[in-house]
Amino acid sequence: MNIRTVATKAYTDQKPGTSGLRKKVTIFQQPHYLENFVQAIFDSLVGLQGKTLVVGGDGRYYNRPAIQTILKMAAANGVKRVLVGRAGLLSTPAVSHLIRKQRAFGGIILSASHNPGGPDGDFGIKYNITNGGPAPESVTSAIYQRACKLSLYRIHNAPDIDLDNIGHSGIGDMEIEIVDPVTQYAQLMERLFDFNAIRTLFTSGLFTMRYDAMHAVTGPYAIEILENRLGAAQGTVINGRPLEDFGGGHPDPNLTYAPELVAIMNGARAPDFGAAADGDGDRNMILGRNFFVTPSDSLAILAANATIAPGYATGLAGVARSMPTSAAVDRVAKELGIECFETPTGWKFFGNLLDAGRVTLCGEESFGTGSNHVREKDGLWAVLFWLNILAVRRQSVEQIVQRHWAVYGRNFYTRHDYESVDATAATQLMDRLREDFPDLRGRKFGHRQVLFCDDFSYTDPVDRSVSTGQGVRIGFDNGDRIVFRLSGTGTEGATLRVYIESYEPDAAKHRQETQQALADLISIARDISRLTERTGRDTPTVIT
Ligand code: VG1
Ligand code: CO
């Protein structure tokens, strides 16, 4: 046999966060670090032998060597077949789709999503289960437990596999198939959306778009779908070539990290529609001409207009949003008479609701929107959904949003991130906030009074599993809300996220600038948490 069993020492820091294990590349490059985690995954999966896995990543630095290692280890651990995206590329939603379509046992995604890449950047690895979705906490904690005790891993002594050509190969008894990363995903999109209507819009000469792939994984998907299949002008997709360091950028589609697209959309003769996706293709940003659509509003608008798209023509079973996401979609759900769920942050919490058929659309304030078509959030899907709505309604992005607010009211919303804060200081800030609950309850801040404060805890309505400590919520009598959370995806110190929301029914006030409209609440949030005193920061690193 060509299988080697390698003695190794356990690493005790391999605890998956909000979305898989994310660390600096240099951490992953420590001896056996990647191998240990992969073996911990394989050891924790009951029934993996003889089954199929899907493997791919966002193309960042270390993607290729990691895939080679995973293939050799999969062969040594009894996997029967692995599907790999050509050049090692597969977007997160495309992996989710392939797992489902090929009835694979699961998939491994190499990505640190929106975190920067390159030798000094971040790398990540996450495991997705048979339904195509991120492993739930029961699985990720089993993997972590296993990693803490690991003493050996198995790997096949095989040469590297050619990842760049479509076709079949193998290692030992294990078959490997290199597949086109785009084709099956594009077919799925064609089934969900009215490609004819969108093509007519693009070829009318009255509509232009810019899509920023941020040199990350969605470039090939967007070029094939938008330009080749839908007839958008060449050059609609910018930064379309995946690069190992994302061209030095931060592949996070927001107003701060996508400055090129933002400048185009705010410039002279701006296109009608702008969009971007993140490193692994599961996030999206939606822009109109000189107009930004908050992800929370985007979710609400997709829900309100869902039946326009053929894939959702029969209506929605229900909707779900993460707790910090604004309640804009709740109002739509109420109007539609469908269920609306509030889950902890992270897509893994939507899986059970989607599998049980309780919800059709889900979303997070962090630029994530998706549906039951896969079990991940899906950036291009959201962009195509918007295109379908634009093609049918023939109004501008801004008009669609303004009219939505006129009907439902506007949930003013912002998130302030304080990145790379001292980890102890951040933890203490959260602890103190919790200690202050009794004192905060009922307290008055100008015309507002604190109605409730708690640490969000969630009981999954399907399997009754309980997740605690999911973020501090402070709710006011007028519906305003402040949420504090520590990020579970960062790799340096701690990132404190402060989420601020205020509902405004009066259409005359809907055109206010967001930071201005929320200025009061923003300063209440800073006072309550004694943010500057406790973190040494007086301004956020990123505002979305
Ligand atoms: C962030 C977002 C969360 C999202 C997660 C993964 O997590 O807030 O909504 O699901 O990233 O997105 P955190 O713990 O840093 O707040 V991605 O595009 O990295 O897979
Ligand atoms: Co992502």
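Only this structure's heavy atoms are used, side chains among them; waters, hydrogens and symmetry mates stay out. Start at 1 and go down the list; that is how both ligands and their atoms are numbered.
Heavy atoms of Ser487 found under 4.0 angstrom from ligand 1 belong to the backbone as well as the side chain. With a 4.0 Å heavy-atom cut-off, ligand 1 is reached by no atom of Glu376.
Listed by number with element, the atoms of ligand 1 under 4.0 angstrom from any heavy atom of Asp278 are 18 (O). Numbered from 1 in the order shown, with element, the atoms of ligand 1 that lie under 4.0 Å from a heavy atom of Arg485 read 13 (P), 14 (O), 16 (O). Listed by number with element, the atoms of ligand 1 under 4.0 angstrom from any heavy atom of Thr345 are 3 (C), 8 (O), 9 (O). Counting atoms of ligand 1 from 1 in the listed order, those under 4.0 Å from a heavy atom of Ser366 are 2 (C), 3 (C), 4 (C), 8 (O), 9 (O). Here is the list of ligand 1 atoms found below 4.0 Å of a heavy atom in Arg497: 8 (O), 13 (P), 15 (O), 16 (O). Heavy-atom contacts of Ser113 reach the following atoms of ligand 1: 17 (V), 18 (O), 19 (O), 20 (O) (cutoff under 4.0 Å). Using a 4.0 Å cut-off to heavy atoms of Gly488, the atoms of ligand 1 that qualify are 13 (P), 14 (O), 15 (O). Of all atoms in ligand 1, listed by their number and element, those nearer than 4.0 Å to a heavy atom of His114 are 11 (O), 17 (V), 18 (O), 19 (O).
Among protein heavy atoms, the minimum distance from atom 11 (O) of ligand 1 is reached at Arg283 NH2, 2.9 Å. Closest protein heavy atom to atom 20 (O) of ligand 1: Asp282 OD2, 3.2 Å. Of the protein's non-hydrogen atoms, Glu364 OE1, 3.6 Å is the one closest to atom 4 (C) of ligand 1. The shortest contact between atom 6 (C) of ligand 1 and any protein heavy atom is with Lys377 NZ, 3.5 Å. Among protein heavy atoms, the minimum distance from atom 7 (O) of ligand 1 is reached at Thr489 CG2, 3.5 Å.
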Q. Can you check side chain to side chain donor-acceptor pair (under 3.5 Å) on Tyr418 and Thr535, steps first, answer last?
A. CA-CA 9 Å; Tyr418 298 82; Thr535 65; over 6 Å; no
Q | Test ring-ring contact (aromatic ring centres under 6.0 Å, His included) applied to His250 and Phe246, step by step | A | CA-CA 7 Å; His250 200 135; Phe246 308 117; 9.5 Å; no
Q) Can you check side chain to side chain donor-acceptor pair (under 3.5 Å) on Thr369 and Asn284, steps first, answer last? A) CA-CA 8 Å; Thr369 350; Asn284 71 90; 2.8 Å; yes
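Contact of the Glu501 side chain with the Phe412 side chain is not registered, since no non-hydrogen atoms from C-beta on lie closer than 4.5 Å.
In this structure, Tyr458 and Phe349 have perpendicular ring planes: the angle between them is above 60°, well past the 30° mark. Note on ring orientation: taking the six-membered ring where Trp is involved, the planes of Tyr185 and Tyr221 are perpendicular (angle over 60°, cut-offs 30° and 60°).
Using a 4.0 Å cut-off between charged nitrogen and carboxylate oxygen, Lys126 and Glu376 count as a salt-bridge pair. One finds a salt bridge joining Asp355 and Arg375 here, because a Lys/Arg side-chain nitrogen approaches an Asp/Glu carboxylate oxygen to under 4.0 Å. Taking the charged nitrogens against the carboxylate oxygens, Arg210 and Asp212 have no contact shorter than 4.0 Å, which rules out a salt bridge.
Per residue Asp278, closest N, O or S atom to the Co ion (ligand 2): atom name OD2. Nearest to the Co ion (ligand 2), among the N, O or S atoms that Asp282 has, is OD1.
Atom CZ of Arg283 is separated from atom OG of Ser113 by 5.0 Å, given to the nearest 0.5 angstrom.
Not one N/O/S atom of Ser19, from backbone or side chain, sits under 2.8 Å from the Co ion (ligand 2).
A cation-pi arrangement is found for Arg331 relative to Tyr503, the charged atom lying closer than 6.0 Å to the ring centre and inside a 45° cone about the ring normal.
The N/O atoms of Arg22, backbone and side chain alike, include one that comes under 3.5 Å of an N/O atom in ligand 1.
Put simply, no part of Ser322 is less than 4.0 Å from ligand 1, judged by heavy atoms.
Geometry about the Co ion (ligand 2) gives an angle of 100° between OD1 of Asp280 and OG of Ser113, rounded in steps of 10 degrees.
For the side-chain contact (heavy atoms from CB on, under 4.5 Å) test with Pro242, the passing option among Leu89, Asp58, Asn63, Val217 is Leu89; the others fail.
A distance of 6.0 Å or more separates the ring centres of Phe123 and Tyr61.
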